[in-house]
Amino acid sequence: MLGVTLDIPTIGCGKSKLLGEFKELAKHRGSTSDLIDDNKIIGKVLRTQDNIKPVYVSIGHKVSLDTAVEWILKLASKYRLPETTRQADQLVNKTLKEHREKTYEKP
């Protein structure tokens, strides 16, 4: 939605599959498999590091699926998640932890 609103290229990358089916992919970095739902390719399953769980890539706006996969691989050079997604994920987890600690603090 943000890509459409701002009219900029965007891509999607998730840690877990929301829907669709795929064939098992090879264990090496860069391996992909089509993510299929209702006989349509809705994304790619991509292994960003050797021998780790894959991520799920989808197009957002103004970007092809193949280009989205290329960008995710470039941005995930050290970790499973692309650096932008990894940092956002860490910030959310830190914020949630701080919120929980404040909520359960005794007066």
Side-chain angles (χ1 to χ4, degrees):
M1 184 72 171
L2 183 62
V4 173
T5 301
L6 298 176
D7 197 31
I8 58 173
T10 55
I11 57 179
C13 180
K15 296 190 297 183
S16 57
K17 177 184 74 146
L18 297 177
L19 60 115
E21 301 297 325
F22 64 94
K23 293 180 181 174
E24 190 62 33
L25 57 159
K27 299 286 185 189
H28 64 273
R29 174 179 163 80
S31 299
T32 63
S33 180
D34 291 337
L35 184 60
I36 299 173
D37 186 55
D38 199 23
N39 293 318
K40 295 178 187 167
I41 297 174
I42 60 168
K44 290 273 189 187
V45 183
L46 170 66
R47 196 169 312 276
T48 56
Q49 302 297 322
D50 291 345
N51 300 310
I52 62 152
K53 293 194 305 186
V55 296
Y56 302 87
V57 181
S58 61
I59 58 169
H61 183 63
K62 290 188 167 186
V63 177
S64 72
L65 188 52
D66 289 338
T67 299
V69 167
E70 288 175 24
W71 272 106
I72 295 298
L73 271 177
K74 287 179 188 178
L75 293 168
S77 60
K78 294 182 181 180
Y79 302 100
R80 174 182 177 223
L81 294 175
E83 192 58 29
T84 50
T85 305
R86 192 176 80 81
Q87 287 183 17
D89 190 56
Q90 287 180 341
L91 180 60
V92 167
N93 289 335
K94 178 183 174 191
T95 302
L96 288 172
K97 180 181 176 187
E98 290 171 356
H99 176 72
R100 280 189 222 109
E101 288 171 354
K102 285 181 183 177
T103 302
Y104 296 111
E105 281 181 1
K106 294 181 180 177

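For clarity, every value in this text was computed on a predicted model and none was experimentally measured.
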Between atom [atom1] of [X] and atom [atom2] of [Y], what is the distance when rounded to the nearest 0.5 Å?
| X | Y | atom1 | atom2 | value |
| --- | --- | --- | --- | --- |
| Leu75 | Arg86 | CG | CZ | 12.0 Å |
| Ile42 | Glu21 | CD1 | CD | 9.5 Å |
| Ser58 | Ile41 | OG | CD1 | 13.5 Å |
| Leu65 | Glu70 | CG | CD | 10.5 Å |
| Leu35 | Leu18 | CG | CG | 9.0 Å |
| Ile36 | Lys44 | CD1 | NZ | 9.0 Å |

Which atom names give the shortest non-hydrogen contact between [X] and [Y], and what distance separates them?
| X | Y | result |
| --- | --- | --- |
| Leu25 | Ser31 | CD1-O, 3.2 Å |
| Ile52 | Arg80 | CD1-CB, 3.3 Å |
| Pro82 | Ile72 | CG-CD1, 3.7 Å |

Does any non-hydrogen side-chain atom of [Y] lie less than 4.5 Å from one of [X]?
| X | Y | answer |
| --- | --- | --- |
| Lys23 | Val45 | no |
| Leu81 | Gln87 | no |
| Leu96 | Arg100 | yes |

Item to complete: Determine the sole option in Val57, Val63, Ile59, Thr48 for which the side-chain contact (heavy atoms from CB on, under 4.5 Å) test with Val69 is passed.
Response: Val57
With no hydrogens and no angle check, is any side-chain donor or acceptor of [X] less than 3.5 Å from a backbone partner on [Y]?
| X | Y | answer |
| --- | --- | --- |
| Thr10 | His61 | yes |
| Gln49 | Tyr79 | yes |
| Arg29 | Arg47 | no |

Discussion item. Atom NZ of residue position Lys15 - does it have more than 12 heavy atoms of other residues, nucleotides or ligands inside 6.0 Å?
Written reply: no
Fill in: Co-membership, hydrophobic cluster, residues Phe22 and Leu19, 4.5 Å side-chain
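Both belong to a single hydrophobic cluster.
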